[in-house]
Amino acid sequence: MNYDLLLLRFGEFTLKGKNRARFEKAVLKHVRALLQAFPQAVIQREFGRLYIVLNGESGEEMIKVLQKVFGITSISPVKLAKLDVEDIASKAVALMQELNLPEEATFKVNARRVWKEFPHSSHELNHLIGAPVLRSCPGLKVNVREPDVELRLEVREQGAYLFCEVIPAAGGYPLGTNGKAMLLLSGGIDSPVAAWSSMRRGLEVECVHFYSYPYTSERAKEKVIDLAKVLSGYAGHIRLHLVPFTEVQTAFTQTRQENLIITLMRRAMLRIATRLAEKEGALALVTGDSLGQVASQTLQSMNVIGRATNLPLLRPLVMMDKNDIIDKAKDIGTYDLSILPYEDCCTLFIPKSPATNPNLWVVEKIEASLRELPTLIEEAVAKTETITLEAGKDVRGLDDQAINEDWF
Ligand code: ATP
Ligand code: MG
């Protein structure tokens with residue numbers, strides 16, 4: 001359809017008085033970054049809202065991108081009319097006709113005179129615009145209580161804005177307005193959803209992934225890079241820390257404590273992630289754990305594993321059902337990647353009966369008996385490679401670079 005502007009509405013944070021300016025600025029920065037792909041577009045700020053003047057750019061494409069911006073609750077494509085009843089009426093008619101409404105559809109006009117100098121009141125405008133629309137759309141009826149379409153008109157000093165669609169957007173808090181966290185990103189379904197949920201609460205997220213080459217393949221690592229790339233579409237860019245985990249893992253397998261190996265590995269992951277978080281100024285760790293889903297996610301396991309870090313350990317999915325997590329993963333575009341069958345370092349070493357009720361004392365004893373463990377953890381931190389994935393750039397290109405840098 002032929003629109004002139006997009007109207008972006010800010011979300012719940014507008015309620016928080018003193019933070020509002022900071023939050024609106026964060027949204028603006030995010031929008032600006034994403035609009036680099038639309039060079040003709042111009043941003044206009046207004047109290048509690050943003051307008052994007054399309055200047056010929058595709059509104060449809062832009063909506064797809066802007067729907068990912070946290071802190072924006074909804075988007076309306078707007079047709080612009082001159083401050084003149086005739087022009088407003090003809091644009092209103094065009095807008096309604098473009099909707100291709102079924103016979104017998106109902107509508108109402110909801111006019112707001114924001115600019116008080118305009119010679120007609122809101123009430124008068126409802127009639128002045130409603131009548132020509134009714135005349136030119138046969139079958140259309142008025143229903144002021146529950147219309148199928150609410151045609152909104154806002155008369156502002158700079159023009160008359162007409163719109164009827166309200167497209168839901170990501171909502172939540174603007175990116176990075178609630179601090180930074182380090183997220184443990186596996187190749188699975190859950191952790192990318194945990195990342196999205198964290199970003200939506202205003203966290204800036206850096207990701208850390210543990211790989212065990214040669215037990216895990218290059219493709220497994222590429223898959224995680226691809227997932228981080230999808231996440232970068234929501235964040236503008238994502239930093240991904242790739243940690244070589246083979247040595248730590250081998251040390252644990254040599255203890256022959258099969259049933260506790262997942263517990264031990266998870267604790268080591270948290271220790272390494274904590275070190276990276278400290279280095280990067282992140283104040284929390286995030287995982288994709290969901291209560292009861294697997295052996296390492298029983299309450300007892302969470303207790304023993306969680307004690308390996310002093311940082312707050314956030315588990316955004318902890319009370320969610322798997323089906324809901326899957327639906328979310330589909331919505332945010334990570335599901336298809338997540339179900340690719342490449343092995344993860346933990347799935348490879350899953351014992352026949354992993355402990356669902358590990359004993360903290362025993363686990364600590366095993367760790368203490370592994371004298372080289374602190375050194376191995378330090379080495380893993382030291383050998384960590386960091387890449388930055390940017391929204392809108394080709395992942396394959398980055399992978400080529402990865403191979404050159406001898407990551408694998
Ligand atoms: P996911 O779908 O996120 O992999 P899961 O249900 O498969 O979760 P686990 O494999 O037990 O559960 O992992 C629990 C959490 O531990 C993950 O959500 C992730 O945060 C973290 N994790 C597991 N493996 C890795 C890894 N190789 N690198 C980084 N984080 C990991
Ligand atoms: Mg997993």
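Whatever order the structure lists them in is the order used to number ligands and atoms, beginning at 1.
Nearest residue to atom 22 (N) of ligand 1 from Ala273, Ser186, Ala329 is Ser186 (criterion: closest heavy atom). Looking at Ala195, Pro354, Ser301, Gly288, it is Gly288 that brings a heavy atom closest to atom 17 (C) of ligand 1.
Taking 4.0 Å as the cut-off between side-chain N and carboxylate O, Lys328 and Asp324 do not count as a salt-bridged pair. Note on Glu218 versus Lys221: no salt bridge recorded, every NZ/NE/NH1/NH2 to OD/OE distance being 4.0 Å or above. Between Glu24 and Arg20 a salt bridge is recorded (basic side-chain N to carboxylate O distance below 4.0 Å). A salt bridge is defined here as a Lys NZ or Arg NE, NH1 or NH2 lying under 4.0 Å from an Asp or Glu carboxylate O, and Glu280 with Arg275 fails to meet this definition.
Against a heavy-atom cut-off of under 4.0 Å, Gly188 is close to the following atoms of ligand 1: 1 (P), 2 (O), 4 (O). Residue Ser296 approaches ligand 1 through these ligand atoms, each under 4.0 Å from one of its heavy atoms: 11 (O). Distances below 4.0 Å separate heavy atoms of Thr287 from the following atoms of ligand 1: 20 (O). Close approach to Leu184 involves these atoms of ligand 1, each under 4.0 Å from a residue heavy atom: 19 (C), 20 (O), 21 (C), 29 (C), 30 (N).
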Do any side-chain atoms of residues 31-57 form donor-acceptor pairs under 3.5 angstrom with protein atoms, and if so which ones, sequence neighbours left out?
from  : atom 1 : to     : atom 2 : distance (Å)
Glu46 : OE1    : Arg156 : NH1    : 2.8
Glu46 : OE2    : Arg156 : NH1    : 2.7
Arg49 : NH1    : Tyr51  : OH     : 2.7
Arg49 : NH1    : Glu154 : OE1    : 2.8
Arg49 : NH1    : Glu154 : OE2    : 3.4
Arg49 : NH2    : Glu154 : OE2    : 3.0
Tyr51 : OH     : Arg156 : NE     : 3.4
Tyr51 : OH     : Arg156 : NH2    : 3.4
Asn55 : ND2    : Gln40  : O      : 2.9
Glu57 : OE2    : Gln40  : N      : 2.8

With a 3.5 Å cut-off and sequence neighbours excluded, list the donor-acceptor pairs that the side chains of residues 308-323 form with protein atoms.
from   : atom 1 : to     : atom 2 : distance (Å)
Thr309 : OG1    : Thr274 : OG1    : 2.8
Thr309 : OG1    : Leu311 : N      : 3.1
Arg315 : NE     : Asp289 : OD2    : 3.2
Lys322 : NZ     : Asp190 : OD1    : 3.0
Lys322 : NZ     : Asp190 : OD2    : 3.1
Lys322 : NZ     : Gln293 : OE1    : 3.4

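Residue contacts with ligand 1: Asp190 is placed with a nitrogen or oxygen under 3.5 Å of a nitrogen or oxygen of the ligand (distance criterion only). Any N or O atom pair closer than 3.5 Å counts here, and Val286 shares no such pair with ligand 1. Ligand 1 has an N or O atom lying under 3.5 Å from an N or O atom of Ser191, backbone or side chain. Residue Gly187 places no N or O, backbone or side chain, under 3.5 Å from any N or O of ligand 1. An N or O contact shorter than 3.5 Å links Ile189 to ligand 1 by distance.
Checked by atom type and distance alone, the side chain of Asp148 never pairs as donor or acceptor with a backbone atom of Ala105 at under 3.5 Å.
Of the listed residues (Glu385, Glu204, Glu390, Glu206), just one forms a salt bridge (Lys or Arg N to Asp or Glu O under 4.0 Å) with Arg239, and that residue is Glu206.
For Leu185, every heavy-atom contact with ligand 1 shorter than 4.0 Å involves the backbone, none the side chain.
Ligand 1 lies less than 4.0 angstrom from a heavy atom belonging to Val208.
Taking CG of Asp226 as the reference point, atom CG of Asp336 lies at 12.0 Å (rounded to 0.5 Å).
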